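Here the structure is a predicted model, which is why all the values come from computation and not from measurement. Heavy-atom basis, side chains included; hydrogens, waters and symmetry copies ignored.
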Amino acid sequence: MANKSEKRLFLTGASGLLGRAIHRMFKDAGWIVFGTSLTRTGPELNKLDLTDFGAITTAITKFKPTFIIHSAAQRFPDKVSAEPEAARRLNVDTTFHLAETADKYDIPLLYISTDYVFDGSNPPFKIDDKPNPINEYGKLKLEGEEVVLAANKEHLVLRIPVLYGPVEKLSESAVTCLLEPLLNVAKPTKVSDYEKRCPSHVDDIADVCLNLAESRLQSAAVSGIFQWCGSEVFTKFDMVQIMSEVFSLPAAHLSKAPVPSEVSNQPVSRPYDTQLDRSRLESLGIGRHTPFAAGIRSALAAWVS
């Protein structure tokens, strides 16, 4: 469909936390990037409603990408639960259309999935372990995986963990939002010390995406399911303590919530431990990990006066 000597990326969700990192990394690597967004538009972004399937097809056929990354999603479990129809439209129906369109024009597609396709009961989870999502977000993302690989088994799926990085607002990441209770020293707050997570910096995931794309353009054998997560395991309370140490902030007003029921602002169940097995990517020489203390320092320095 396109000049194969020219690398052209069609990227959904380019204004999001991960999308911004992917957009920047591919562009720096010499790719021509067509990044889509809906509400947060910018000079290098293209306004596109991903639920308008005709508009998607038109944009793809005009741009003629050599690779597609679908990173757009409703990724907040509580919002998925509150607005299930809208979440299904974006997380499953749009994914189906993109995968079918990519197959029609012989364009490899990389679908960004999640560690929440697993129930968290027996980590680390391998790529061929049976998924068992325990909330609607995980179920919809798993359906997304299934429609992508049903459209073409040579498409790619990348399961990733909770992400953090340079944010436009603290609530953009389930990691960076932890800075708010840390800064609010006047309010005693319980922070979850239950679920175990392996947070990844968005630049690390963008690097994985770039290497997967480059490798896939060289060989169709680079296809199917891949997984990446950070190599450090933390609870939310652990992460807050590291933020406290990195920025020399008091944390005596924060206490551990060892069971989920003690955290009142989390109505949707989360899996206990979603650590992912990374061996397939590592066997390809793909993957990198930014130590959390260093990554969170660079991500949040602008927010700590």
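For the residue pair Asn46 / Thr36, no side-chain donor-acceptor distance below 3.5 Å is found, with atom types taken as modelled. Using modelled atom types and a 3.5 Å distance limit, the side chains of Ser192 and Glu195 yield a donor-acceptor pair. Defined by atom type and a distance below 3.5 Å, a donor-acceptor pair is missing between the side-chain atoms of Ser15 and His23. A donor-acceptor contact closer than 3.5 angstrom is absent between the side chains of Trp228 and Glu282. Under 3.5 Å, the side chains of Ser81 and Glu136 contain no donor-acceptor pair of N or O atoms.
Within the 4.5 Å cutoff, side-chain heavy atoms of Ile112 are placed close to those of Leu18. For the pair Leu158 and Cys209, the minimum side-chain heavy-atom distance is below 4.5 Å. Contact of the Ile296 side chain with the Tyr164 side chain is registered, since non-hydrogen atoms from C-beta on lie closer than 4.5 Å. With a 4.5 Å cut-off on side-chain heavy atoms, Ile32 and Leu9 do not count as touching. No side-chain heavy atom of Thr66 sits less than 4.5 Å from a side-chain heavy atom of Ile107. No side-chain heavy atom of Leu149 sits less than 4.5 Å from a side-chain heavy atom of Lys153. The closest side-chain heavy-atom distance from Leu170 to Leu300 is below 4.5 Å. Residues Tyr116 and Pro271 form a side-chain contact, since some pair of their non-hydrogen atoms from C-beta on lies under 4.5 Å apart.
A salt bridge links Arg288 with Asp204; the closest basic N to acidic carboxylate O contact falls under 4.0 Å. With respect to Glu232 and Arg197, no salt bridge is recorded, no charged nitrogen being found less than 4.0 Å from a carboxylate O. Salt bridge absent: Lys64 and Glu6 never bring a charged side-chain N and a carboxylate O closer than 4.0 Å.
When the side chains of ILVMFWY residues are joined at heavy-atom separations under 4.5 Å, either directly or via intervening members, Val185 and Leu183 end up in two distinct hydrophobic clusters. A chain of hydrophobic side-chain contacts below 4.5 Å, direct or via other Ile, Leu, Val, Met, Phe, Trp or Tyr residues, connects Leu276 to Leu142. Taken together through direct or relayed side-chain contacts under 4.5 Å among Ile, Leu, Val, Met, Phe, Trp and Tyr, Trp303 and Leu17 form part of one hydrophobic cluster.
The nearest pair of heavy atoms linking His70 to Leu90 is NE2-O, 4.2 Å. Val147 and Ala99 get closest at one heavy-atom pair: O-CB, 4.1 Å. Across all their heavy atoms, Arg159 and Val117 have their closest contact at NE-CG2, 3.7 Å. Contact record, Gly19 with Ser71: CA-OG, 4.1 Å, taken as the closest heavy-atom pair. Of all non-hydrogen atoms in Leu284 and Phe226, the two that sit nearest each other are CD1-CE2, 3.8 Å. Residues Met239 and Phe234 share a closest heavy-atom pair of CG-CB, 3.8 Å.
The CZ atom of Arg278 sits 5.0 Å away from the OG atom of Ser231 when rounded to the nearest 0.5 Å. Put simply, CE on Met243 and CG on Leu254 are 10.5 Å apart, with the number rounded to the nearest 0.5 Å. The distance from the CD1 atom of Ile56 to the CD1 atom of Ile68 is 9.5 Å, given to the nearest 0.5 Å. Annotation: the span from Glu180 atom CD to Asn184 atom CG amounts to 9.0 Å, rounded to 0.5 Å. Remark: Cys198 SG to Gln275 CD distance equals 4.5 Å, nearest 0.5 Å. Taking OG of Ser223 as the start and CG of Leu212 as the end, the distance is 10.5 Å to the nearest 0.5 Å.
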- [ ] For Val148 and Phe96, run side-chain contact (heavy atoms from CB on, under 4.5 Å): C-alpha distance rounded to whole Å, both residues' side-chain angles, the deciding distance at 0.1 Å, then the answer.
- [x] CA-CA 6 Å; Val148 164; Phe96 174 81; over 6 Å; no
TODO: Please lay out, stage by stage, how Glu172 and Arg20 fare under the test salt bridge (Lys or Arg N to Asp or Glu O under 4.0 Å).
DONE: CA-CA 12 Å; Glu172 197 174 13; Arg20 297 193 299 270; 2.8 Å; yes
Open item on the list: Using the rule given for side-chain contact (heavy atoms from CB on, under 4.5 Å), can you reason through Thr114 versus Ile160, listing the C-alpha separation, both sets of side-chain angles and the distance that settles it, and then say yes or no?
Closed with: CA-CA 5 Å; Thr114 174; Ile160 60 174; 5.7 Å; no
TODO: Under the side-chain contact (heavy atoms from CB on, under 4.5 Å) rule, what do Leu163 and Val175 come out as? Steps first, then yes or no, please.
DONE: CA-CA 7 Å; Leu163 301 178; Val175 175; over 6 Å; no
TODO: Could you check Thr101 against Leu98 for side-chain contact (heavy atoms from CB on, under 4.5 Å), going step by step and ending with a plain yes or no?
DONE: CA-CA 5 Å; Thr101 303; Leu98 278 166; 5.8 Å; no
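Judged purely by atom type and a 3.5 angstrom limit, His201 has no side-chain atom pairing as donor or acceptor with the backbone of Gly230. In this structure, Ser298 contributes its side chain and Gly295 its backbone to a donor-acceptor pair below 3.5 Å. Here the side chain of Asn211 pairs a donor or acceptor atom with the backbone of Asp207 at under 3.5 angstrom. Thr57 places a side-chain N or O within donor-acceptor distance of the main-chain N or O of Phe53, the cut-off being under 3.5 Å. Panel note: side chain Asp238, backbone Thr235; a donor-acceptor pair is recorded below 3.5 Å. A donor-acceptor pair under 3.5 Å is absent between the side-chain atoms of Asn91 and the main chain of Lys141, judged by distance alone. Within the 3.5 Å criterion, the main-chain N or O of Ala221 finds no donor-acceptor partner in the side chain of Arg216. A donor-acceptor pair is defined here as one N or O able to donate and one able to accept, closer than 3.5 Å; such a pair exists between the side chain of Thr12 and the backbone of Ala72. Side-chain atoms of Asp277 never come within 3.5 Å of backbone atoms of Phe125 as a donor-acceptor pair (strictly under, hydrogens ignored). Under a 3.5 Å cut-off, the side chain of Ser244 and the backbone N or O of Val240 do not form any donor-acceptor pair.
Two rings, from Phe67 and Phe10, have their centers 6.0 Å or more apart. Proximity of the aromatic rings of His155 and Tyr111 is defined here by a centroid distance below 6.0 angstrom, and this criterion is not met. For an aromatic pair to be called close, the ring centres must be under 6.0 Å apart, and Tyr194 with Phe237 fails this.
When the shell of 6.0 Å around CZ of Phe76 is examined, it contains more than 12 heavy atoms from other residues, nucleotides or ligands. For Lys126, the NZ atom is loosely surrounded, since the number of other residues' heavy atoms within 6.0 Å does not exceed 12.
Under the 6.0 Å distance and 45° angle rule, Arg8 counts as a cation-pi partner of Phe63.
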